[in-house]
2 protein chains.
Amino acid sequence: MVEQDSPQLDSVFHALSDNTRRRMLRDLADGERTVGQLAEPFAMSLAAASKHIKVLESAGLIRREVRGRTHLCRLDPGPLSNAQRWLTFYEAFWTDRLSVLDRLLRESPLPAPPTTDKDADP
Amino acid sequence: MVEQDSPQLDSVFHALSDNTRRRMLRDLADGERTVGQLAEPFAMSLAAASKHIKVLESAGLIRREVRGRTHLCRLDPGPLSNAQRWLTFYEAFWTDRLSVLDRLLRESPLPAPPTTDKDADP
DNA sequence: CACACATTCAACCAATTGGTTGACAGTCAC
DNA sequence: GTGACTGTCAACCAATTGGTTGAATGTGTG
């Protein structure tokens, strides 16, 4: 299995480990937002929100465009696809059981086990 | 969109934000392991590895069964499916563009925008 | 040009994280 | 029953995280 960028996964999953940041991504899914707009729904200082935005930016999940005094932010979902791919490896473990059960009920042959590379994140 | 368990997503993504823990999950994908076996590949103390295992356990990603003096650990992938589902919401953002581009090239109609609930993680 | 706006920065703080070491607890083997 | 094994716990430490406040910076407006 292709080795994935571990530091990127570190920062992406870290960025996603906070509800505030996930909600910010959710807002951005509806379109671009300024820093102030992203901060508005949260009961925290603008500086704190700005820190969260910086974490998202550092993880490569958003991009900002400075227009005058406003910073416009947009989703940059590429790194999420890497996280998704990492998780997809494990999908077999919560769906295969159902498949196995389903096939056992129908007397179908069991699926072959997946082949994987060693010494690397999936 | 169904509101997802935010504290669980917090802990699951947090657990995944560390390469050591991801590699432990990877090892467990190959079958059950003892705590000592999980710790073995890492250049850290057994106590440190034990802490990582506890983080995975607290996030609900693994279960342990104590047999005598050995603790056997297994994947418990259910919470990963929640993380996957959260990420799947954003899949549209890295695939839809390609779809849009693809369809534009073929003069196909554009896809309808997804409908979402407000005030909740996707 | 002065003031307002948008946002970041720096310093601070408390809490958390991730590692260490040595002690401890439960179990197993001889 | 004693020593070994497996693994956790507690205390410690340094670094990081996530929040605050007030200051600073760059830009826009009247």
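Because the structure is a prediction, the values reported are computed rather than measured. The chains referred to below are lettered A, B, ... by the order of the sequence lines, with proteins before strands, and numbering in each begins at 1.
Following rounding to the nearest Å, B:R69 (CZ) and D:dT6 (P) show an atom-to-atom distance of 6 Å. Look at NZ on B:K51: it is 12 Å from P on D:dA11, rounded to the nearest Å. If you measure from atom CD1 of A:I53 to atom C1' of D:dG18, you get 14 Å, rounded to the nearest angstrom. For the pair B:L46 CG and D:dT8 P, the computed distance is 7 Å after rounding to whole Å. One interatomic measurement links the two molecules: CE of B:M24 to C1' of D:dG7, which rounds to 13 Å at whole-angstrom precision. Per the geometry, CE belonging to B:M44 stands 13 Å off P belonging to C:dT21, to the nearest Å. A:R21 places its CZ atom 9 Å from the C1' atom of D:dT17, with the value rounded to the nearest Å. One interatomic measurement links the two molecules: CG of B:L72 to C1' of C:dG26, which rounds to 16 Å at whole-angstrom precision.
In terms of phosphate contacts, B:H71 brings no side-chain nitrogen or oxygen within less than 4.0 Å of OP1 or OP2 of C:dA25. Of the side-chain N and O atoms in B:R64, one or more sit less than 4.0 angstrom from OP1 or OP2 of D:dT8. The side chain of B:R67 contributes no N or O atom lying less than 4.0 Å from OP1 or OP2 of D:dG7.
Residues B:A59 and B:S11 approach most closely at CB-O, 3.6 Å, considering heavy atoms. Listed here is the closest heavy atom pair of A:W86 and B:L25: CH2-CD1, 3.8 Å.
Mapped onto DNA chain D by nearest heavy atom, A:S17 and A:V66 fall at different nucleotides, with A:S17 at the one closer to the 5' end.
Across all strands, B:S45 comes closer than 4.0 Å to base atoms (heavy-atom distances). When heavy atoms are screened at a 4.0 angstrom cut-off, B:T20 is found touching no nucleic acid atom at all.
Between D:dT20, D:dG18, D:dG7, one nucleotide has an atom nearer to the side chain of A:D18 than all others, and that is D:dG18. Nearest nucleotide to the B:A47 side chain, out of D:dT20, C:dT20, D:dG7: C:dT20. Closest approach to the B:S50 side chain among D:dT6, D:dG7, C:dG18 is made by D:dG7 (side chain taken as heavy atoms from C-beta onward). Among the nucleotides C:dT20, D:dT17, D:dT21, the one closest to the side chain of A:H14 is D:dT17.
Side-chain atoms of B:R67 and B:T34 include no donor-acceptor pair closer than 3.5 Å.
Hydrophobic clustering (side-chain heavy atoms under 4.5 Å, transitive across Ile, Leu, Val, Met, Phe, Trp, Tyr) groups B:L9 together with A:L87.
Ring-plane geometry between B:F13 and A:F13 is classed as parallel, the angle between the planes falling under 30 degrees on a 0 to 90 degree scale with a further cut at 60.
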